[in-house]
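Some notes on the structure that comes next.
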Amino acid sequence: MTKDDDRLRDPTRAGRLAIAGIWIWFAAAAAEGLGRLGEISVLGGFGGVIADHAALVRADNATAALVVLSNIGLAIAGVTVLRWIYVTNRNAHALSDAVNWGPHTTPFWSVAWFFVPVATLIRPFSVFSATWRVSAAPEAYETVKVPALLRWWWGLWLANILVGRIASTLHDSGQVPGDLIGADYVLFAKVLIDLPLTIVLTIMILRLSAVQRAALSEA
């Protein structure tokens with residue numbers, strides 16, 4: 001095994017930024033979820049009656065603002081997490097020249113796969129799993145099993161995408177208050193996925209960053 005010192009970089013700072021980014025996203029997503037509860041209320045949910053036009057307009061404007069805030073949070077989380085993924089993948093490649101990575105597993109592709117239709121459901125996970133295994137044991141990566149933590153992360157991420165798509169479809173096709181209420185309930189429920197996703201991803205970032213720091217100290 002040889003280690004390419006020029007390509008190795010301590011992932012600690014990138015990891016801290018990623019953790020900050022995902023918690024900013026969660027805070028914004030949680031605020032949107034609470035806003036959805038307010039919208040449900042003015043639409044006559046919770047056993048009430050539909051509010052007057054002025055209240056509906058205020059609720060709609062508030063929800064729109066919270067959606068923008070949530071999207072900004074998602075963008076921040078996306079940039080910071082993908083940067084960390086890029087750094088850790090590059091480190092893993094540099095830790096050993098004896099690893100058979102296979103095609104399209106470079107640092108560029110570790111990020112790019114997230115934006116490729118259909119492949120985004122599988123390839124980012126497979127490439128990141130390889131990053132984790134090589135980082136844990138550069139000389140014997142074949143013996144390293146993919147930890148359950150990674151599977152939880154990916155399952156929660158896919159669930160987040162699915163629930164978001166369902167809610168968007170319900171909201172866009174809604175014709176009556178009942179349809180919009182249903183969409184808002186789904187969007188609020190998504191927060192119940194966002195929280196464990198954020199926690200699991202935080203733990204994952206901390207653990208892999210620690211593993212790579214240890215490898216750096218030996219390089």
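FYI, side chains are in, hydrogens and waters are out, and symmetry mates aren't considered; it's all heavy atoms of this structure.
Contact annotation: the side chain of W23 approaches that of I19 to within less than 4.5 Å [non-hydrogen atoms, C-beta and beyond]. Counting heavy atoms from C-beta outward, L82 and Y86 have side chains that stay 4.5 Å or more apart. Taking the side chain as every heavy atom from C-beta outward, R151 and F125 approach each other to under 4.5 Å. You'll find the side chain of V116 stays beyond 4.5 Å of the side chain of R123, heavy atoms only. At a threshold of 4.5 Å between non-hydrogen side-chain atoms, the residues P124 and W154 count as touching. The side-chain heavy atoms of M204 and F128, taken from C-beta on, include a pair separated by under 4.5 Å. The shortest distance between side-chain heavy atoms of V186 and K190 does not fall below 4.5 Å. For the pair N160 and D194, the minimum side-chain heavy-atom distance is below 4.5 Å.
Of all heavy-atom pairs spanning L156 and I193, the tightest one is O-CG2, 3.6 Å. Residue P138 comes nearest to Y141 through the heavy atom pair O-CD2, 4.1 Å, listed as atom of the first residue, atom of the second, then distance. Residues A167 and A183 approach most closely at O-CB, 3.7 Å, considering heavy atoms. G21 and A77 make their closest contact through O-CB, 3.5 Å (heavy atoms, listed as atom of the first residue, atom of the second, distance). Between D10 and L216, the shortest heavy-atom contact is CA-CD1, 3.3 Å. Between R9 and N91, the shortest heavy-atom distance links the atoms O-ND2, 2.6 Å.
Between the CD1 atom in I161 and the OG1 atom in T120 there is a gap of 6.0 Å [rounded to 0.5 Å]. Note: W25 CH2 to L201 CG = 8.5 Å, rounded to the nearest 0.5 Å. Remark: R213 CZ to T12 OG1 distance equals 4.0 Å, nearest 0.5 Å. Rounding to the nearest 0.5 Å gives a distance of 3.5 Å between CD1 of I22 and OG1 of T202. The CD1 atom of I76 sits 11.5 Å away from atom CG of L17, with the distance rounded to the nearest 0.5 Å. Rounded to the nearest 0.5 angstrom, L195 CG and I199 CD1 are separated by 4.0 Å.
Note on V67 and F26: separate hydrophobic clusters, where clusters join Ile, Leu, Val, Met, Phe, Trp and Tyr whose side-chain heavy atoms are under 4.5 Å apart, directly or indirectly. By the criterion of side-chain heavy atoms lying less than 4.5 angstrom apart, applied directly or through intervening Ile, Leu, Val, Met, Phe, Trp or Tyr residues, L121 is grouped together with L162 in one hydrophobic cluster. A single hydrophobic cluster is not seen to contain both L66 and Y185; linkage of ILVMFWY side chains at heavy-atom distances under 4.5 Å, directly or through other members, places them apart. Hydrophobic cluster membership differs between V79 and V81, with clusters built from Ile, Leu, Val, Met, Phe, Trp and Tyr side chains linked at under 4.5 angstrom. Under a hydrophobic-cluster definition in which Ile, Leu, Val, Met, Phe, Trp and Tyr are linked whenever side-chain heavy atoms come within less than 4.5 Å, directly or via other members, L34 and V68 are assigned to different clusters.
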Margin query: Set out, in order, the CA-CA distance, both residues' side-chain angles and the distance that settles side-chain contact (heavy atoms from CB on, under 4.5 Å) for L56 and I50, then state yes or no.
Written below: CA-CA 8 Å; L56 290 172; I50 299 176; 4.1 Å; yes
Note to self: Let's go through L208 and W84 carefully: what are the C-alpha distance in whole Å and the side-chain angles of both, what is the deciding distance for side-chain contact (heavy atoms from CB on, under 4.5 Å) to 0.1 Å, and is it a yes or a no?
What the structure shows: CA-CA 10 Å; L208 182 57; W84 176 79; 3.7 Å; yes
Note to self: Run the side-chain contact (heavy atoms from CB on, under 4.5 Å) test on R207 and W132 for me, step by step, so that the C-alpha distance in whole Å, both residues' side-chain angles and the decisive distance to 0.1 Å come before the verdict.
What the structure shows: CA-CA 10 Å; R207 287 188 181 177; W132 186 288; 3.8 Å; yes
Next item on the list: Check the pair I203, W153 against side-chain contact (heavy atoms from CB on, under 4.5 Å), reporting the backbone distance first and the verdict last.
Entry: CA-CA 10 Å; I203 296 171; W153 161 60; over 6 Å; no
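Between the S168 side chain and the G164 main chain, a donor and an acceptor come within less than 3.5 Å of each other. Here the side chain of T131 pairs a donor or acceptor atom with the backbone of V127 at under 3.5 angstrom. With T143 contributing its side chain and A140 its backbone, the two residues share a donor-acceptor pair below 3.5 Å. Under the 3.5 Å distance criterion, the side-chain polar atoms of R133 are matched with a main-chain donor or acceptor of V144. Panel note: side chain N89, backbone S110; no donor-acceptor pair is recorded below 3.5 Å. Between the side chain of T105 and the backbone N or O of G102 there is at least one donor-acceptor pair closer than 3.5 Å. For E39 (side chain) and D184 (main-chain N/O), no donor-acceptor pair under 3.5 Å exists by modelled atom type. In terms of modelled atom types and a separation under 3.5 Å, the side chain of S217 and the main chain of A214 share a donor-acceptor contact.
Relative orientation of the H104 and W113 rings is perpendicular, given thresholds of 30° and 60° on the angle between their planes. The aromatic rings of W101 and H93 lie parallel to each other, with less than 30° between the two planes, well short of the 60° mark.
Summarising the local packing, CH2 of W109 is surrounded by more than 12 heavy atoms from other residues, nucleotides or ligands at distances under 6.0 Å. More than 12 heavy atoms of other residues, nucleotides or ligands lie within 6.0 Å of CG in L192, so this atom counts as buried by the packing criterion.
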